[in-house]
Amino acid sequence: MPTQETILQLIKVVGEAHAITNLEDMSPYTTEWRGLWTGKTPLVLRPASTDEVARIMAIASATGTRIVPQGGHTGLVGGGTPTDNGEEVVLSLSRLNRVREVDAEDLSMTVEAGCTLQSVQAIAEKAGLLFPLSLASEGSCQIGGNLASNAGGLNVLAYGNARDLCLGLEVVLADGRVWNGLRKLRKDNTGYDLKNLFIGSEGTLGVITAAVLKLFPRPKTVETALFAVPSATAAIALFNALKSASNSSLTACELLPDIGMEFTARHFGLRNPVATQAPWYVLAELSDATPGVLEKVFGTCDVSDAVIAQSEQQRVEIWDLREKLSESQKPEGGSIKHDISVPVSRIALFIEQASQAVTAAFPGARPVCFGHIGDGNLHFNVSQPVGADKQVFLDQWEAMNDVVFALVKKHSGSISAEHGIGRLKRHRMTEIKSTVELDLMRSMKAAFDPHGILNPGRVLP
Ligand SMILES: Cc1cc2nc3c(=O)[nH]c(=O)nc-3n(C[C@H](O)[C@H](O)[C@H](O)COP(=O)(O)OP(=O)(O)OC[C@H]3O[C@@H](n4cnc5c(N)ncnc54)[C@H](O)[C@@H]3O)c2cc1C
């Protein structure tokens with residue numbers, strides 16, 4: 001627990017107006033949006049500059065104060081929520097929200113960690129360019145959080161994960177030193193790749209304060225379609241057909257289940273534009289494609305019906321169905337999540353086996369499986385049986401994970417495709433990583449954060 005003297009020292013860095021000590025104002029920083037992760041902290045610090053972050057970390061290092069970096073607090077694995085022992089100080093990056101540069105010539109922009117993803121997309125658009133990272137949480141999540149968790153999202157298929165979209169970083173180290181790696185280079189083979197160590201480290205190795213992001217030309221045409229398909233196998237066949245017919249212009253390919261359509265209709269009043277009801281739907285988006293690709297696959301694949309958006313409004317409505325899927329599970333009661341990936345060729349078999357295994361072991365449980373089929377990334381979420389007790393259902397979280405993860409393993413997949421490990425899956429690391437891999441990771445942690453003050457108890461077992 002930080003002493004009163006340390007707390008006063010820390011408050012002095014940001015000024016009283018930007019330090020939160022009362023319980024009510026702290027709640028967005030101590031409880032995540034679903035209420036699943038909640039904790040306690042003596043102090044939330046809201047610095048406005050890299051220098052202030054550096055001074056905070058220098059004090060933390062000297063006093064052994066534990067620090068939890070926090071962006072938009074939309075992470076789903078408990079990484080950015082303080083624990084309930086009241087010992088961790090929350091370091092919110094949201095006031096570091098300046099755009100330092102937009103460089104249209106080098107197709108890059110330099111932004112501070114607290115810029116929301118949506119604001120970065122909007123600034124790129126204003127410059128006539130594209131920043132392609134896109135997640136349903138983009139209105140709240142921040143670039144620092146996106147990079148710390150190596151976020152994936154809707155356009156990975158064409159543009160890669162957050163890691164692939166970052167050229168350089170500025171990071172405050174655990175001892176308060178600043179590493180300025182804000183380079184714009186597309187090629188730089190000069191020693192160990194520090195940037196890629198910080199990306200995906202979930203706040204355990206350093207505090208990201210700014211980043212150079214890659215920009216792209218904006219596509220001149222975008223076509224969006226929603227296909228109704230009779231099975232997950234048909235969905236994968238459709239994905240493969242779209243990929244080969246579209247000549248690299250397939251920029252998103254999402255799988256949606258019928259039960260998800262039911263949830264989004266019930267809780268958000270969204271209308272499924274496809275007239276024919278089907279067990280599965282595929283949302284596909286093409287950018288700058290040769291005309292006629294969507295019509296061609298409709299004619300040749302096992303598709304029962306489809307709509308092609310005829311206006312931007314219709315495109316937004318189709319995407320809304322996908323983006324509201326996560327939230328629409330909340331009013332249905334407890335939901336046990338599995339953010340997994342398997343090779344694309346195994347998706348259909350995995351869904352069939354996992355659905356059977358889960359419903360056999362947990363009668364009445366309702367799989368709501370959706371995701372980024374182009375990346376083999378499924379959100380195999382399971383909603384509680386209708387009318388069941390929410391807490392009794394959620395108490396089966398680990399037991400259900402065991403069932404699903406056994407199949408992930410069987411299909412050579414990953415138990416965390418894009419959300420990270422955080423606190424949620426930390427105990428699983430010994431099941432999925434070898435001793436050698438864990439030893440290397442622990443050595444890295446010791447080198448970057450020798451006093452273990454940055455996000456302790458996250459990622460590493
Ligand atoms: C509706 C919804 C949909 C989502 N969809 C997707 C999706 O499609 N793909 C996907 O990948 N994720 C998705 N997520 C998860 C989440 O939005 C992402 O992980 C996002 O990148 C987290 O950003 P954040 O700013 O909210 O980070 P936070 O939740 O604040 O933090 C996440 C982790 O990063 C650390 N951290 C935060 N900022 C910094 C920093 N500046 N320096 C160092 N460490 C830091 C935290 O300590 C924590 O461990 C979704 C979440 C929701 C709620």
Please step through side chain to side chain contact (heavy atoms under 4.5 Å, CB included) for the pair I373 and V344, ending with a clear verdict. CA-CA 7 Å; I373 46 177; V344 176; 5.8 Å; no
Does T41 offer a backbone N or O that forms a donor-acceptor pair with the side chain of E88 under 3.5 Å? no
Value for NE2 (H73) from OG1 (T30), rounded to nearest 0.5 Å, stands at 7.5 Å
Hey, is the main chain of R177 close enough, under 3.5 Å, to the side chain of D175 for a donor-acceptor pair? yes
So does A48 get a backbone contact from the side chain of R98, meaning a donor-acceptor N/O pair under 3.5 Å? yes
Is the shortest side-chain heavy-atom distance between L454 and K445 below 4.5 Å? yes
Using 0.5 Å steps for rounding, measure from the CH2 atom of W280 to the CD1 atom of I351. 4.5 Å
Donor-acceptor pair, side chain of N85 and main chain of E87, under 3.5 angstrom: yes
So, does K214 use its side chain to make a donor-acceptor pair with the main chain of D164 at under 3.5 Å? yes
Is the closest basic N to carboxylate O distance between R366 and E332 below 4.0 Å? yes
Compute whether any side-chain donor of one residue and acceptor of the other, for S137 and S140, lie under 3.5 angstrom apart. no
So, taking the atom named CG in N401 and the one named CG in L424, what distance separates them when rounded to the nearest 0.5 Å? 7.0 Å
Between CG on residue L157 and CG on residue L250, distance to nearest 0.5 Å: 5.0 Å
Does the side chain of H18 pick up a donor-acceptor pair with the side chain of E52 at under 3.5 Å? no
d(I415 CD1, I340 CD1) to nearest 0.5 Å is 10.5 Å
Decide whether T224 and E285 meet the rule of one side-chain donor and one side-chain acceptor closer than 3.5 Å. yes
Would you please test T3 and T63 for side chain to side chain contact (heavy atoms under 4.5 Å, CB included) and show each step? CA-CA 9 Å; T3 63; T63 56; over 6 Å; no
Check whether any side-chain heavy atom of L283 lies under 4.5 Å from a side-chain heavy atom of L256, and answer yes or no. yes
Report the C-alpha separation of L226 and M261 in whole Å, then their side-chain angles, then the decisive distance to 0.1 Å, and conclude whether the side chain to side chain contact (heavy atoms under 4.5 Å, CB included) test is met. CA-CA 12 Å; L226 189 65; M261 293 293 197; 3.9 Å; yes
Under 3.5 Å side-chain donor-acceptor pair for D51 and S49: no
Ignoring hydrogens, what is the shortest heavy-atom contact between F131 and V120? Give both atom names and the distance. CD2-CG1, 3.7 Å
Min side-chain heavy-atom separation L194-W179 under 4.5 Å: yes
Pair K324-E327, salt bridge (Lys or Arg N to Asp or Glu O under 4.0 Å): steps then yes or no: CA-CA 5 Å; K324 290 282 181 347; E327 280 175 73; 5.6 Å; no
Examine the side chains of Q313 and E317 and answer whether a donor and an acceptor come within less than 3.5 Å of each other. yes
Check whether any side-chain heavy atom of C369 lies under 4.5 Å from a side-chain heavy atom of P257, and answer yes or no. no
Salt bridge (Lys or Arg N to Asp or Glu O under 4.0 Å) evaluation trace for R428 with E398: CA-CA 10 Å; R428 300 257 171 202; E398 291 296 328; 2.7 Å; yes
To check you understand the geometry: which heavy-atom pair defines the closest contact between A235 and L255, and what is its length? CB-CD1, 3.7 Å
Beyond-backbone contact of L154 with R322, side-chain heavy atoms, under 4.5 angstrom: yes
Check this for me: does any side-chain nitrogen of one of D439 and K433 sit under 4.0 Å from a carboxylate oxygen of the other? no
Under the side chain to side chain contact (heavy atoms under 4.5 Å, CB included) test, which residues partner R423, sequence neighbours left out? W37, T81, T83, R458
Which pair of non-hydrogen atoms, one from G86 and one from P42, has the smallest distance, and what is that distance? O-CD, 3.2 Å
Would you find more than 12 non-hydrogen atoms of other residues, nucleotides or ligands less than 6.0 Å from E312 atom CD? yes
All heavy atoms of N155 vs all of P132, minimum pair found to be ND2-O, 2.9 Å
Measure across Q142 and G71 and return the closest heavy-atom pair with its distance rounded to 0.1 Å. OE1-CA, 3.2 Å
T209 (side chain) donor-acceptor with E170 (main chain) under 3.5 angstrom: yes
Answer yes or no: is there a donor N or O on one side and an acceptor on the other, between the side chain of K195 and the main chain of C166, under 3.5 Å? yes
Taking E202 for the side chain and G422 for the main chain, is one N or O donor matched with an acceptor at less than 3.5 Å? yes
Should F350 and L407 count as side-chain neighbours, where that means a heavy-atom distance under 4.5 Å? yes
For F448, check ring-ring contact (aromatic ring centres under 6.0 Å, His included) against everything at least two apart and list the hits. F198
After noting the C-alpha distance and the side-chain angles of K337 and H419, does the key distance pass the side chain to side chain contact (heavy atoms under 4.5 Å, CB included) rule? CA-CA 11 Å; K337 317 277 185 194; H419 296 161; over 6 Å; no
Side chains of Q384 and Q391 in contact at under 4.5 Å (non-hydrogen atoms): no
Provide the closest heavy-atom pair for P47 versus L96 in the form atom of the first, atom of the second, distance. O-CD1, 3.3 Å
Does a side-chain heavy-atom distance below 4.5 Å link V368 with I259? yes
Has K425 got a side-chain atom pairing as donor or acceptor with V77's backbone, closer than 3.5 angstrom? no
Main-chain N/O of I453 paired to R66 side chain as donor or acceptor, under 3.5 Å: no
If you measure from CD on E418 to CG on N161, what distance do you get to the nearest 0.5 Å? 7.5 Å
